[in-house]
Amino acid sequence: MTACCRVVEMRVVFVAYLLFIVAGLAWCLVVALVHH
Amino acid sequence: MRRFVKENSLSLFFGVLFLAALAGQSVAGWHQVNDQQVGESHDRITYLQYLTSADFAVDVTENWQSEYLQFLLYIVVTVWLLQKGSPESKELGKSGLESDRDQGVGAYAGDDSPRWARAGGIRTTLYSWSLGLVMAAVFLASWLVQSIGGWAAYNETRIGQLRDPISWPAYLVHADFWARTLQNWQSEFLAVGSMAVLAIYLRQRGSPESKPVGAAHSSTGVEG
């Protein structure tokens, strides 16, 4: 396994966590705005 | 695959726990709301209706904002504030932003340093604060969404009681908003303070959050 692939793996978990955060906030924001 | 799991086990473990706990919260919250609905002689709601309710949104975001506030404060105040004997503190005498040499930025950056650590100027300043800035952005966004979701949920309750809904600015100074906010903050502040203080005298063998088992109680900023 090359060092390049390991860097990509770290990016995968980094981006996955950012997506969790953004998707969760976006879902809750849309839901909250629809209900207000 | 096995190597990938091993080298990323910490983030995978918490990612799976997060999704499982969120799923559990959504199911338990749905049953809780339906229990209230039945108690008030209202129709039950579907699971999808609960997932798209203001109740679910505010319950999720009120916890998110407090967690991100906790880590934001921990990341930023530990730049300046110290705790003698704690592995969570920097060494005594290292309080502050430290020199470029200590931080390996600008002229002191290495060949494998991030590009923006080497670049100098505004890019290095921004990158030097990037973790705190992102945690602050997530905290503020979560708190904002909590306020909007809490406002909607609270007004739904008021309308059900045949009372006039209140405005968003009025909700921001309302007891419901601050009770939700502060009940989360108090627990986070106690937990994070406890971690810093209990680790002075207590140990967890092998944990980077603890000092080595044999480290002196007075040794500060040493990780196991």
Side-chain angles (χ1 to χ4, degrees), chain A, chain B residues 1-16 18-19 22 26 48-65 67-68 112 114 134-135 137-156 159 165-168 171:
Chain A
M1 184 61 63
T2 64
C4 159
C5 289
R6 297 193 180 199
V7 170
V8 170
E9 287 176 1
M10 290 191 297
R11 283 187 187 161
V12 167
V13 293
F14 183 81
V15 171
Y17 266 74
L18 285 181
L19 282 177
F20 279 155
I21 295 167
V22 172
L25 284 177
W27 177 273
C28 292
L29 177 62
V30 169
V31 162
L33 288 174
V34 164
H35 280 273
H36 93 274
Chain B
M1 184 63 182
R2 185 183 288 180
R3 187 190 51 76
F4 173 79
V5 171
K6 188 178 177 188
E7 292 185 355
N8 297 281
S9 51
L10 187 61
S11 53
L12 292 172
F13 175 74
F14 280 107
V16 168
F18 161 67
L19 292 174
L22 186 63
S26 68
L48 186 62
Q49 282 175 316
Y50 177 67
L51 287 182
T52 55
S53 69
D55 283 320
F56 179 64
V58 69
D59 285 350
V60 169
T61 50
E62 74 175 45
N63 287 280
W64 282 30
Q65 58 87 1
E67 303 298 338
Y68 282 94
D112 57 353
V134 168
M135 299 299 272
V138 178
F139 158 62
L140 291 172
S142 304
W143 204 19
L144 175 69
V145 177
Q146 177 205 324
S147 74
I148 299 170
W151 173 44
Y154 180 66
N155 273 342
E156 284 173 1
I159 290 166
I166 62 173
S167 67
W168 183 62
Y171 182 70

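Residue numbering restarts at 1 for every chain, and letters A, B, ... go by the order of the sequence lines. Note: hydrogens, waters and symmetry copies are ignored here, and every other heavy atom, side chains too, is used.
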Check each of B:T52, B:V145, B:T61 against A:W27 using the side-chain contact (heavy atoms from CB on, under 4.5 Å) test, and report the only one that passes.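 So, applying the side-chain contact (heavy atoms from CB on, under 4.5 Å) to A:W27 and each of B:T52, B:V145, B:T61, only B:T52 qualifies.
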Chain A contact via [X] - which portion, at a heavy-atom distance below 4.5 Å:
X	value
B:F18	side chain
B:E156	side chain
B:N155	neither
B:W64	side chain
B:L19	side chain

Going from SG on A:C28 to CG on B:L144, what distance comes out if it is rounded to the nearest 0.5 angstrom?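 The SG atom of A:C28 sits 12.0 Å away from the CG atom of B:L144.
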Set of residues satisfying side-chain contact (heavy atoms from CB on, under 4.5 Å) with respect to A:A32, sequence neighbours excluded: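 Applying side-chain contact (heavy atoms from CB on, under 4.5 Å) to A:A32 gives B:I148.
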Just to be sure I understand the criterion: a residue of residues 15-22 of chain A counts if one of its heavy atoms is under 4.5 Å from a heavy atom of chain B. Which ones qualify?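 Against chain B, the residues of residues 15-22 of chain A that fall inside the cut-off (heavy atoms, under 4.5 Å) are A:Y17, A:F20, A:I21.
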Closest contact, heavy atoms only, B:A54 versus A:H35: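 Where B:A54 meets A:H35 most closely, the heavy atoms are N-CD2, 3.9 Å.
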Does the side chain of B:S53 come within less than 4.5 Å of A:V31's, by heavy atoms?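 A:V31 vs B:S53: side chains apart.
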